[in-house]
**Student:** 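Below are the structure tokens for one structure; questions will follow.
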2 protein chains.
Amino acid sequence: MTDQHCSNCPMGRSCLPADLDPAELPALDTVPTRRLRLKKGETAYRVGDPALAIYAVRLGTLKSHVVTEDGRSQIVGFHLQGEILGLDSVFAPTHPSSATALEDTQLCVLPVSALQAVLPRLPTLRRHLVLALAQEAQHDRAMMTTIGLMTAEERLVAFLLQHSERLAARGFAPNEFVLRMSREEIGSYLGLKLETISRLFSRLAEAGQIEVHHRHIRLLRPDVLRRIYRRSRSVPATVRTAHHCAAGTEPATAVLESLTAL
Amino acid sequence: MTDQHCSNCPMGRSCLPADLDPAELPALDTVPTRRLRLKKGETAYRVGDPALAIYAVRLGTLKSHVVTEDGRSQIVGFHLQGEILGLDSVFAPTHPSSATALEDTQLCVLPVSALQAVLPRLPTLRRHLVLALAQEAQHDRAMMTTIGLMTAEERLVAFLLQHSERLAARGFAPNEFVLRMSREEIGSYLGLKLETISRLFSRLAEAGQIEVHHRHIRLLRPDVLRRIYRRSRSVPATVRTAHHCAAGTEPATAVLESLTAL
DNA sequence: CGGGAAGTTGAATATCATCAACGGTAGTGG
DNA sequence: CCACTACCGTTGATGATATTCAACTTCCCG
């Protein structure tokens, strides 16, 4: 829980500053970025906690999840290195979901009060956050149709491809990776049971489309997988990932601009 | 398609101005609100259309829906009188869904260009729109867990209660109403087939919890229904409806404020 | 090295989808 | 205004997909 600054952060540009105008770095450093270290299974916040900060994932992976009154639970999102956490509280006074580390994880805490003070001087940071918000909204919409419209196999394929793309955007190999989450967690995310996920992995492997060793996945026929995915998905991706959207490019959209305009 | 103004609109305060500071009405009237009349089945916009305007439902009901490449389709939202339409394009240059009238419908067109010009002088309108956006994001998140976590019966109960609440917020009877959508459309919205909806209506009626005559629904045991709903839902409602949130009340949230602040 | 969690696989089951037939309603045009 | 028709809705029988229950294996973590 040490106080540090983004410009001397060893993660360098893989995190928040990735999108920023270098000229704004000094201003970014005026935000006191408290570090939060979580061991596997620990939470950054829980449902109902007052939403006082948002978080940047410095290292590690987390899940956002909700629980019903009678104990059913669902994972509503996974958060990888460099992503923003806690934005689902933008429109609410308290966090609508809990955030739990899937492995040992380090977060940078961005207190809302500090953001409020500094965002006017950091247009590219604001842009980055708004983009992240856009992605989250789009993700929820996409998941809604993924769960509502797709078969179990299609859902798992969609999950693998999305995961692959997110890793690729961070510079990792797209066709070979180690999952940070259990079968149960994947199932919870996709509205399926862990046994179903296990069977589907076996089935896809037997069909020669993937290779599975525990949590180590290799996509052998990404083209075939992508065809399955494309047939069944509804909303073509429109919002670019933050990493693809360099500072100063086209405005998110006119509607958004008019809402956030002075 | 006549040009008119909000202050002499016969809908009066049931529509956009409901939340507004009366002092801002004259400024609101500088927005040219073109009228759009749709017959049942006609669309206000389709997937991929450039997002040039948002819409207020003056009269009638619409559905937002998406389609997959291989023809499956899902309804992602219904829009009642007084609600805002087209906000799902906030973060995208084109509409990610189509909007189709379920009955003869009248919309007020709010061109983005006009909004951009007038929003700085209409803080309560901007607030209204941002709240509408918040509700939509919350709705998508809730639907995601509704479809992922709930049984068919729970989903239908959730739908009926939500519908009831939305009608009540508009001053209609909460426990007796006429659905504007078919069984198939309800099913599409809930990730179920029309036969399943039909059977569930019959089953709930036989259990004495509702009364069904075609599309006329009466909730006989709203308390029982609400218990089913509460047990199975994950995210407690936090964002108030626009109608409940009078102008000048507490800020939406600190996070939001910091993002939209100058 | 031991114990517990995670994963796999099989068999039985449940839930919802599909296929099919039929009745009713509302909307259309004569 | 009535009759016709197309769509909507209901219900039953059958079937597919994913769940549940259960036994067993493997892998980590301590």
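Naming: A, B, ... by sequence-line order, numbering from 1 per chain.
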**Student:** Nearest to the side chain of B:T151, heavy atoms from C-beta on, is which of D:dA18, C:dC16, D:dT11?
**Tutor:** C:dC16
**Student:** Hey, does A:S182 reach any base, or is it just sugar-phosphate, or nothing, if we go heavy atoms under 4.0 Å?
**Tutor:** sugar-phosphate
**Student:** Report the distance from atom CG of A:L156 to atom C1' of D:dA18, rounded to the nearest whole Å.
**Tutor:** 14 Å
**Student:** Could you tell me the separation between the CZ atom of A:R215 and the P atom of C:dA6, rounded to a whole number of Å?
**Tutor:**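 My rounded result for the distance is 7 Å.
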**Student:** Base, sugar-phosphate alone, or nothing: which one does A:L194 contact when heavy atoms must sit under 4.0 Å apart?
**Tutor:** base
**Student:** Hey, are B:E103 and B:K40 close enough for a salt bridge, meaning a charged N less than 4.0 Å from a carboxylate O?
**Tutor:** no
**Student:** Within the structure shown, what part of the strands sits under 4.0 Å from B:G191 by heavy-atom distance: base, sugar-phosphate, or nothing?
**Tutor:**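 The answer is sugar-phosphate, as B:G191 gets under 4.0 Å only of primed atoms, P, OP1 or OP2.
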**Student:** Can you measure B:H213 atom NE2 to C:dG24 atom P for me and round it to whole angstrom units?
**Tutor:**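 Atom NE2 in B:H213 sits about 14 Å away from atom P in C:dG24.
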**Student:** Return the nearest nucleotide to the side chain of A:H214; candidates are D:dC21, D:dC28, C:dC16.
**Tutor:** D:dC28
**Student:** Phosphate oxygens OP1/OP2 of D:dT10: is one of them under 4.0 Å from a side-chain N or O of B:R183?
**Tutor:** yes
**Student:** Can you identify which nucleotide, out of D:dC21, C:dG10, C:dC19, has its nearest atom closest to the A:R199 side chain?
**Tutor:** C:dG10
**Student:** Can you name the nearest heavy-atom pair linking B:K39 to B:D104, along with the distance?
**Tutor:** CA-OD1, 3.5 Å
**Student:** Assign A:S198 to base, sugar-phosphate, or nothing according to its heavy-atom contacts below 4.0 angstrom with the strands shown.
**Tutor:**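 Base, at least one base heavy atom under 4.0 Å.
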**Student:** Side chain of B:V212: nearest nucleotide among C:dT9, C:dT25, D:dT10?
**Tutor:** D:dT10
**Student:** Is there a donor-acceptor contact under 3.5 Å linking the side chains of B:T100 and B:H65?
**Tutor:** yes
**Student:** To the nearest Å, give me how far apart NE2 (A:H216) and P (D:dC27) are.
**Tutor:** 15 Å
**Student:** Do the side-chain N and O atoms of B:H79 and B:S64 include a donor-acceptor pair separated by under 3.5 angstrom?
**Tutor:**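 The criterion, which ignores hydrogens and geometry beyond distance, is satisfied for B:S64 and B:H79.
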**Student:** How many whole angstroms separate atom CD1 of B:I197 from atom P of D:dT11?
**Tutor:** 14 Å
**Student:** Restricting to non-hydrogen atoms, name the atom on A:S164 and the atom on A:F177 that form the minimum distance, rounded to 0.1 Å.
**Tutor:** CB-CE2, 4.0 Å
**Student:** Which of these nucleotides, D:dA18, C:dA17, D:dT20, is closest to any side-chain atom of A:L192?
**Tutor:**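 So the nucleotide nearest the side chain must be D:dA18.
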**Student:** Given atom CZ of A:R72 and atom P of D:dT19, what is their separation to the nearest angstrom?
**Tutor:**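 Value for this atom pair: 14 Å.
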**Student:** Report the distance from atom NZ of B:K40 to atom C1' of C:dT25, rounded to the nearest whole Å.
**Tutor:** 11 Å
**Student:** Can you tell me the distance, in whole Å, between the CD atom of A:E184 and the C1' atom of C:dG4?
**Tutor:**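 Atom CD in A:E184 sits about 15 Å away from atom C1' in C:dG4.
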